[in-house]
Amino acid sequence: MITSQKGTRDLLPPETRVFGGVERTARTVFAAYGYDEIVTPIFEATELFVRSVGETTDIVHKEMYTFTDRGGRSVTLRPENTAGVARAFVEHGLAQKGTVEKLFYVGPQFRYERPQKGRFREFRQIGAEVLGAADPATDAEVLLMLFDFLGRLGFTGLEAALNSVGTTECRPPFIEALRTFFSERDESLDDDRRRLRENPLRILDSKNPGLAQLLSDPGLPSMLDFLDDGSKRHHEELVRLLESFRIPHRIEPRLVRGLDYYTRTVFEVTSRELGAQNTLVGGGRYDRLVSDLGGPKTPGIGFAIGEDRLVDVLPVATREAFLGQGGPQVAVVPLAPGDVADAMEIAQELRAGRDGAPPVRVDLDATARGPARGIRNAEKKGIRFVVFVGEEERASGEFPVKDLRTREQSRVLRRELAARLSA
Ligand code: HAM
């Protein structure tokens, strides 16, 4: 038997309804904030991620699905979507429009990680990016939209951990301070010596549990003490806006995030149910990414939600509601081969919705050929109503409708079926 690859999974019905419900909600909420959808390719030039996400990050260092294609090009399955969005922004000259681009995406990403609860090699992200706006109000509105979305899904008690990583100009003295701090405590570093050499910032988001004590040392330098005036004002204004809009947040001076393109604002949302290592949402500002990729100087900010993790911790009521929003509501069962054409016609009438009745989702069960099988099939599929179409029913114009929840059966006129079944 050929099975799915390690770290990938099939999403089967009815679970796909939950993913569908989450995505519909995202589309509705993001549209309300003026965002439009962007779709970028699943694979890109490897160089794109090396230059944007950064060579010393875990993602580029050891998690990318990189291969040489038949034409000898090095390509990579996208480990995230911000780089692709920025590349598309540059490639299509979107900066020349002179407007602020507000974009969202939904789709699979790929990272060669050790699979565990909430961590996959193929996973889905729902993300949003704003390109062309540098002001803290944009950061605040991005977070407002994120919490609006999470609230619509029924989440309560989540909060964003917030920090500023400053600009590339004010970061070197901070990195130096970190290097000094960690060099003096070299013995606890272990696997993180490479990070110390290459980029000490990466130690701050190390997943190595042995570092916990070191990272909670009160002497650990804080980026907030190294911010330039502009970054400091940006951070303070953002915090003020978050407070006035009551967006739940806490300042987390150790937060740096595992991607190199961030400048100033960074944030994450974690959920206790996911465990400490698993973040639900990550995001931040990237004011140099577009120009680093050869485009005009264009500030940007965005976030990505791990959809698999989001579905995993979705409030039960929301989950139930999404499960109820899909799947057939009615099975139409022709009792003999001669009844199939009429049964198909009735199914079409119900699907179209009639005389003001809303459309009904109908499963035509042409295989049952009898009431008992028809009922059994419907039960297996979780369908509530079964309509039987036989010769006698066709002649009388009245059709038996069985409600499998109450076990009651009644006869309903053909023209009243739609109204009765959508009630
Ligand atoms: P990230 O923090 O690398 O940021 O990923 C965002 C989210 O994707 C994570 O918080 C997590 O929920 C989910 N995720 C990441 N890896 C996995 C995995 N192996 N399995 C399941 N879920 C996973 C980014 O990707 C940035 N592009 C976010 C961003 C957008 N920053 C600015 N704009």
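None of the values given here were measured: they were computed from a predicted structure. For the single chain, residues carry numbers from 1 onward in sequence order. Counting starts at 1 for both ligands and their atoms, following the listed order.
Residue-level contacts of ligand 1 at the 4.0 Å heavy-atom threshold are Glu80, Thr82, Tyr105, Arg111, Glu113, Gly118, Arg119, Phe120, Phe123, Gln125, Glu129, Arg257, Leu259, Tyr261, Tyr262, Thr279, Leu280, Val281, Gly282, Gly283, Gly284, Tyr286, Gly302, Phe303, Ala304, Gly306, Arg309.
Because its NZ or CZ atom is not both nearer than 6.0 Å to the ring centre of Phe322 and within 45° of the ring axis, Arg17 does not count as a cation-pi partner of that residue.
Judged as a side chain to side chain donor-acceptor pair (under 3.5 Å), and not counting sequence neighbours, the contacts of Arg9 are Asp308.
The closest side-chain donor-acceptor pair between Asp365 and Thr367 falls under 3.5 angstrom.
For the pair Glu129/Glu101, no side-chain contact is recorded, criterion being any heavy-atom separation below 4.5 Å from C-beta on. Considering only heavy atoms from C-beta on, Ser183 comes within 4.5 Å of Leu196 through its side chain.
Note: Phe174 and Phe226 have tilted aromatic rings, judged against thresholds of 30 and 60 degrees for the angle between ring planes.
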